[in-house]
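Have a look at the structure below, then the notes.
Every chain is numbered from 1, with letters handed out A, B, ... down the list of sequences. Keep in mind that this is a model prediction, so the values were computed, not measured.
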Protein chains: 2
Amino acid sequence: MPPEITVRRGERSYPIHFCVDCLGRIGSFARRLNPSGKCAVLTDENVGPLYGDTVCGSLAAEGFEPHRISIPAGEEQKNLQRFGRLCEELVEAGLDRKSLLVALGGGVVGDIGGFVAASYMRGIPYLQVPTTLLAQVDSSVGGKTAVNLPQGKNLVGAFYQPAGVFIDTSVLQTLPGRELRAGMVEVIKHGIIRDAAYFAWIEGHLEELMALEGDAVLHAVQRSCEVKAQVVAADEREGGLRAILNYGHTVAHALEALSSYGKFRHGEAVAVGMEVAAALARRHLGLGESDARRQRELLKRLGVPTRMEDVGAEEIMRKIGQDKKTLGGTPRFVLARRIGQVEVCADVPLQAVRDALLACGAEP
Amino acid sequence: MPPEITVRRGERSYPIHFCVDCLGRIGSFARRLNPSGKCAVLTDENVGPLYGDTVCGSLAAEGFEPHRISIPAGEEQKNLQRFGRLCEELVEAGLDRKSLLVALGGGVVGDIGGFVAASYMRGIPYLQVPTTLLAQVDSSVGGKTAVNLPQGKNLVGAFYQPAGVFIDTSVLQTLPGRELRAGMVEVIKHGIIRDAAYFAWIEGHLEELMALEGDAVLHAVQRSCEVKAQVVAADEREGGLRAILNYGHTVAHALEALSSYGKFRHGEAVAVGMEVAAALARRHLGLGESDARRQRELLKRLGVPTRMEDVGAEEIMRKIGQDKKTLGGTPRFVLARRIGQVEVCADVPLQAVRDALLACGAEP
């Protein structure tokens with residue numbers, strides 16, 4: 001398998017580097033991409049104690065002067081107040097517009113770190129060093145950066161591509177099991193939206209993946225990044241193809257917002273959203289019962305929720321109306337025609353959405 | 001004279017429309033550029049009462065549903081707290097990612113409105129409708145958007161081009177004289193950095209300009225926009241040519257930050273900065289005494305400050321060190337070799353900077 005793939009975006013492109021037990025080589029990867037001296041390493045209080053020294057040491061060995069910034073862990077950190085404090089800290093640390101930001105952590109660190117890099121002095125280069133499965137297979141690739149507003153997730157941000165992505169799959173060994181399962185939901189999503197053979201491979205290797213067997217994990221992370229990179233290369237801004245990555249996300253974002261980002265891991269909310277999408281697709285696109293069952297069974301084997309609890313259908317409908325994916329009041333859903341092939345549907349009747357929510361456990 | 005010029009930025013370009021007493025036609029200009037229904041009109045408490053009804057009425061007549069947002073006037077509004085509240089208000093108003101934002105006001109409204117447009121749902125289209133001379137000849141063109149941090153001006157923002165710029169020079173009739181003089185400093189700057197004949201024309205027409213005689217003002221606004229558009233088209237991100245627009249700005253930003261953006265109008269600070277640049281250029285680039293005198297005389301005729309007061313050279317030096325234009329600790333200055341020709345200098349000795357500051361009234 002190749003150790004690196006390239007994400008192409010018009011005139012710009014950037015490498016995704018894959019390796020095992022290799023965080024100590026991040027300095028040379030960074031040096032290759034950026035000639036600056038100053039850099040900041042943004043991490044959180046879970047990841048920093050595990051990998052901060054290795055990463056900062058490797059950067060220092062290559063002549064960088066890393067300034068380490070640690071934020072508390074958790075989605076509730078992904079807000080504009082934290083964003084502002086981080087920007088101020090970069091000023092105080094003396095970073096200029098050529099300096100590098102390294103985002104070492106999961107999706108929260110990557111999303112807010114990316115938006116800081118996009119905005120600080122109107123944009124400085126940054127590296128994604130994702131340490132969760134979710135971030136490795138999804139959020140670190142594609143240049144979407146954002147913070148949340150009280151009204152919803154990722155409502156303020158930028159499309160801003162990293163200078164590079166550095167993925168060491170061995171860091172997943174320290175990931176809590178719940179995070180691993182949540183991340184695996186996006187891996188399954190990649191199979192459903194784009195690659196039926198990959199979906200079947202996941203069905204056949206779920207136990208190896210959950211046991212973090214090296215070859216299986218490396219294959220899944222690479223294949224998922226390839227799927228995402230292909231989709232993103234075709235379309236940075238979701239005018240068209242990129243929207244398929246939002247499979248399961250219309251309902252997921254509503255569920256996360258309603259629980260103030262606390263109850264669900266993102267991947268867990270996506271799993272429920274995928275089940276709502278399957279119920280909708282059964283009626284709206286003729287998705288076969290056997291394909292719907294394969295999705296449900298795989299999610300159940302994984303051990304993530306497939307139904308919602310303690311949430312009303314009407315409040316979800318209202319949140320969907322505030323989602324970025326809603327245009328002119330019409331919600332857009334990504335629905336599967338079959339495993340490996342999905343479509344963006346802007347013509348799903350609201351009553352059908354309500355029915356699907358109820359079928360997946362929402363309260364009337 | 002042409003009623004419109006086009007700013008080219010790679011694959012994207014946008015029109016700047018010039019006209020007199022024409023705000024009531026903004027709806028059709030907006031309709032031409034954007035098919036959406038919802039839009040927001042951001043303005044401030046000075047400009048809103050004067051022109052808000054005309055603009056919103058014109059937009060409504062073309063089928064838009066304008067949601068009007070007014071913020072207090074003043075540079076101190078250009079901060080991240082206000083930015084966050086504006087983003088939340090767009091959610092509450094139901095704007096989606098195709099909706100249009102209209103920034104109706106001076107540089108503050110344009111800068112923060114542009115950054116809101118750049119960031120809300122990762123970017124929505126926006127129109128600049130500048131109502132100050134400064135905004136008409138400078139900040140509305142070029143796609144620089146930003147807010148300030150406590151540590152300095154414009155430290156957080158984005159390069160994000162508007163869908164169009166709509167300039168009605170007759171709105172300058174309601175502009176306070178001090179704002180008019182401050183804006184004229186940037187007009188003079190355009191002559192010095194790029195066009196000696198334009199500088200001479202300004203010398204010959206300053207009284208007509210200050211009396212807001214229609215033809216003279218329209219000519220100056222158009223010619224200044226042309227100069228700016230040419231420079232920006234060559235270079236969006238200040239790698240090269242664009243940096244010349246920062247003539248006078250290295251010191252100006254420091255002065256504004258030190259006075260917490262309160263004491264100086266931006267153009268007034270730039271005037272002082274231009275005088276510091278001239279003092280530096282006399283020694284460093286061999287700028288002739290007669291050219292330096294022409295700049296000083298024109299600024300004095302205009303009635304803007306050309307010297308600083310009550311501020312120490314050392315605190316200015318420290319602020320310059322935090323500026324975006326400072327790379328690797330070396331401040332960059334745009335200096336004139338002669339009127340109409342400037343260069344970016346990264347090798348100005350710090351002692352020479354200190355001497356120039358003292359020569360322009362800074363305290364030892």
ask   = With side chains defined as the heavy atoms from C-beta onward, is the minimum distance between B:Cys87 and A:Leu155 less than 4.5 Å?
value = no
ask   = Where on B:Ser99 is there a heavy atom nearer than 4.5 Å to chain A: the side chain, the backbone, both, or neither?
value = neither
ask   = Rounded to the nearest 0.5 Å, what separation is found between the CG atom of B:Leu149 and the CD atom of A:Glu92?
value = 9.5 Å
key: B:Phe159 CZ to A:Tyr160 OH distance, which is reported to the nearest 0.5 Å   = 9.5 Å
task = Under 4.5 Å heavy-atom distance to chain B, tell me which part of A:Val91 shows up: side chain, backbone, both or neither.
result = side chain
inquiry  = Could you walk me through whether A:Arg122 and B:Asn154 satisfy the side-chain contact (heavy atoms from CB on, under 4.5 Å) test, starting with their C-alpha distance in whole Å, then the side-chain angles of each, then the deciding distance to 0.1 Å, before giving a yes or no?
reply    = CA-CA 8 Å; A:Arg122 299 198 186 92; B:Asn154 297 327; 3.7 Å; yes
